[in-house]
Number of protein chains: 2
Amino acid sequence: MRLLDALTSLKRAFRRGDYLYRSGEPFRSLFAIRTGFFKTQVLHEDGREQVTGFQMPGEIIGLDAISSDAYTCDAVALEDSEICEIPFDRLEALSRELPTLQRHLHKIMSREIVRDHGIMMLLGSMRAEERLAVFLLNLSQRLSARGYSPNAFHLRMTRQEIGSYLGLKLETVSRTLSQFQELGLLSVKVREVEIMDMLRLRSFVGAA
Amino acid sequence: MRLLDALTSLKRAFRRGDYLYRSGEPFRSLFAIRTGFFKTQVLHEDGREQVTGFQMPGEIIGLDAISSDAYTCDAVALEDSEICEIPFDRLEALSRELPTLQRHLHKIMSREIVRDHGIMMLLGSMRAEERLAVFLLNLSQRLSARGYSPNAFHLRMTRQEIGSYLGLKLETVSRTLSQFQELGLLSVKVREVEIMDMLRLRSFVGAA
DNA sequence: CGTGGGGTTGACTCAAGTCAATTTGGGTGG
DNA sequence: CCACCCAAATTGACTTGAGTCAACCCCACG
């Protein structure tokens with residue numbers, strides 16, 4: 001796996017607000033996030049934007065670009081971040097030599113597809129409170145998998161961005177968070193969230 | 001490419017309503033549709049279902065299963081169909097030998113991700129008429145790419161299934177189709193659609 | 001030739017969107 | 001270091017697009 005290290009040796013730093021790539025740019029590399037936080041978004045010609053995901057350390061972005069040799073969305077740093085660039089042709093070459101790596105790459109791509117299906121379910125058939133609950137629980141779970149507290153965390157994105165991701169307007173996001181607070185499920189102070197009653201928050205999901 | 005033929009030599013036939021696979025079943029193969037029409041859907045524990053796609057000849061299904069070695073959705077034939085089974089370990093082995101095949105596989109997976117992002121945009125920020133217009137135009141385009149008329153076609157799915165896919169209720173799908181008909185954009189007679197004014201239908205998309 | 005699933009349509013409801021006023025807080029320059 | 005400014009967030013009042021519920025039609029199939 002020293003080969004793999006060689007592959008990921010290109011590191012780059014980004015400031016908050018920087019674009020890692022923009023839609024339309026030629027595809028050459030995938031990126032692994034080392035530290036920080038990103039969002040990816042697709043822009044519709046009429047100006048509407050859809051946030052397609054929030055990525056944290058250990059996650060890979062750029063997979064959408066393989067299909068057309070150009071990035072199909074924008075990736076923007078939501079805080080100062082560091083990424084590893086992975087030249088895709090080298091990754092392909094190496095994965096021909098290492099079946100384990102090959103399988104790993106396929107799983108990563110497949111996982112992205114499964115994740116997207118989950119969001120389609122969320123956007124297609126959940127009410128606002130459910131969407132928010134799913135979103136918060138997912139963040140909590142991913143942060144906790146990285147050694148952070150599952151109960152208290154800092155939101156790195158605006159209400160607007162959360163809304164775009166969840167198919168809601170920012171006012172609805174704000175109201176729903178306030179409502180959760182009133183119910184004693186959590187406390188929100190702008191970007192700081194503390195989940196007080198994880199079980200009850202979970203029970204929100206899938207409840208009519 | 002004779003190797004590839006060997007890979008896809010397992011053919012199977014399905015009757016309308018048959019399951020190609022079900023969520024949870026162990027993953028062994030991808031499937032290429034030769035003839036017919038399928039839908040894929042994910043089921044939420046509470047019974048809600050989300051149709052994640054409608055697939056036609058030449059398209060590959062089962063990519064979601066790679067990530068967890070089990071199918072994560074159901075695939076159901078919407079009409080009598082014939083598929084090729086592609087054992088995934090053989091496909092991986094072969095794609096280690098054939099860089100072109102490897103690249104092709106990666107593009108197919110990436111294309112699925114891009115498609116899903118498009119649907120997220122649709123579900124997250126389009127109104128009912130736009131969703132229907134996008135859906136019909138997409139069907140039209142794919143059918144036309146397969147040599148069928150882009151203007152007149154048979155819907156192989158129910159209003160319910162269209163609604164699930166588009167995040168709408170069946171009544172809304174029905175009403176919106178009627179409305180398009182009133183406007184002279186198309187004629188619908190239950191499952192038979194004829195697009196009369198493709199341009200105006202297109203102009204619906206992205207219009208406030 | 002009945003029967004039931006799929007489709008259409010209407011009347012009414014309601015969740016989320018819109019618009020607007022106000023507060024909060026982080027970042028920048030004097 | 002503080003004051004100011006502006007973007008982000010909150011909250012309220014009102015509107016609306018889509019959902020719900022219900023009646024009815026139609027035709028395909030047994």
Side-chain angles (χ1 to χ4, degrees), chain A residues 15-18 39 47-51 76-80 122-136 154-183 186-193 204 207-208, chain B residues 15-17 39 47-51 76 78-80 122-136 154-183 186-193 204 207-208:
Chain A
R15 309 294 306 275
R16 177 145 74 96
D18 287 350
K39 69 167 173 177
R48 274 180 295 191
E49 68 178 47
Q50 173 76 31
V51 172
V76 186
L78 293 179
E79 61 179 29
D80 295 355
L122 177 145
L123 293 171
S125 63
M126 293 187 179
R127 36 186 18 322
E129 303 106 68
E130 278 186 275
R131 297 186 197 192
L132 242 310
V134 168
F135 171 72
L136 292 169
H154 178 81
L155 297 173
R156 260 138 302 201
M157 66 296 281
T158 66
R159 301 289 188 263
Q160 158 85 273
E161 287 162 340
I162 298 173
S164 169
Y165 183 59
L166 299 177
L168 301 170
K169 294 290 158 182
L170 64 96
E171 294 94 330
T172 305
V173 173
S174 180
R175 274 188 245 275
T176 308
L177 285 173
S178 301
Q179 180 193 333
F180 281 172
Q181 185 163 241
E182 304 246 308
L183 291 168
L186 46 78
S187 95
V188 220
K189 194 143 172 244
V190 194
R191 303 276 183 116
E192 298 304 322
V193 174
F204 248 82
Chain B
R15 308 293 307 274
R16 178 146 72 96
K39 69 166 174 178
R48 274 180 295 191
E49 68 179 45
Q50 173 75 30
V51 171
V76 187
L78 294 179
E79 63 180 26
D80 295 356
L122 178 145
L123 292 172
S125 63
M126 292 188 181
R127 38 184 27 312
E129 304 108 68
E130 279 186 276
R131 297 186 198 190
L132 242 308
V134 168
F135 170 71
L136 293 169
H154 179 80
L155 297 173
R156 258 136 304 199
M157 67 295 280
T158 66
R159 301 290 188 262
Q160 159 85 273
E161 287 161 340
I162 297 172
S164 168
Y165 182 60
L166 298 178
L168 301 171
K169 293 292 158 181
L170 72 284
E171 294 94 330
T172 305
V173 173
S174 180
R175 274 188 246 275
T176 307
L177 285 174
S178 302
Q179 182 193 330
F180 281 172
Q181 185 163 241
E182 305 245 310
L183 291 169
L186 44 80
S187 96
V188 220
K189 193 144 172 241
V190 194
R191 301 274 183 118
E192 298 305 321
V193 175
F204 248 81

Would you classify B:Arg191 as touching base, sugar-phosphate or nothing, given that sugar-phosphate means primed atoms plus P, OP1 and OP2, and contacts are heavy atoms under 4.0 Å?
sugar-phosphate

Could you check how far CG of A:Leu155 sits from C1' of C:dG25, rounded to whole Å?
16 Å

Spacing of B:Met157 atom CE relative to C:dG5 atom C1', expressed in whole Å:
18 Å

Base, sugar-phosphate or nothing for B:Leu170? Non-hydrogen atoms, less than 4.0 Å.
base

Quick one: which of C:dA16, C:dT8, D:dT11 gets closest to the side chain of B:Ser174?
C:dT8

Specify the separation, in whole Å, of atom CG of B:Leu177 and atom C1' of C:dG7.
11 Å

Going by heavy atoms in the side chains, are A:Val51 and A:Met157 under 4.5 Å from each other?
no

Let me know the distance between CZ of A:Arg156 and C1' of C:dG26, rounded to the nearest Å.
17 Å

Is the CZ atom of A:Arg16 crowded by more than 12 outside heavy atoms at less than 6.0 Å?
no

Answer yes or no: side-chain N or O of B:Arg175 and base N or O of D:dT20 forming a donor-acceptor pair under 3.5 Å.
yes

Heavy atoms from C-beta onward define the side chain here; which of C:dC19, C:dT8, C:dA15 lies closest to that of A:Arg127?
C:dA15

CZ of A:Arg131 versus C1' of C:dA16: gap in Å, rounded?
10 Å

Could you name each residue pair satisfying side chain to side chain donor-acceptor pair (under 3.5 Å) that touches residues 165-175 of chain A, not counting sequence neighbours?
A:Arg115-A:Tyr165

Let me know the distance between CD of A:Glu192 and C1' of D:dA8, rounded to the nearest Å.
15 Å

Shortest side-chain distance from A:Glu129, nucleotide among D:dA9, D:dA22, C:dA16
C:dA16

Among C:dA16, D:dA9, C:dT8, the one nearest any side-chain atom of B:Ser178 is C:dT8

NA contact type, A:Glu161, heavy-atom cut-off 4.0 Å: base, sugar-phosphate, or nothing?
nothing

Which residue lies toward the 5' end of DNA chain C, A:Ala128 or A:Val190, if each is placed at its nearest nucleotide?
A:Ala128

Contact check, side chains of B:Arg131 and B:Leu123, non-hydrogen atoms, under 4.5 Å:
yes

Identify whether any heavy atom of A:Gly167 sits under 4.0 Å from a base atom; if not, whether one sits that close to sugar-phosphate; answer base, sugar-phosphate or nothing.
sugar-phosphate

Atom CD of B:Gln179 and atom P of C:dT8: how far apart are they, to the nearest Å?
13 Å

Are side-chain heavy atoms of A:Thr158 and A:Arg191 found at a separation under 4.5 Å?
yes

From CD of B:Glu171 over to P of C:dT13, roughly how many Å is that when rounded to an integer?
17 Å

With nearest nucleotides of DNA chain D determined for B:Arg16 and B:Lys169 from heavy-atom distances, which residue corresponds to the more 5′ nucleotide?
B:Lys169

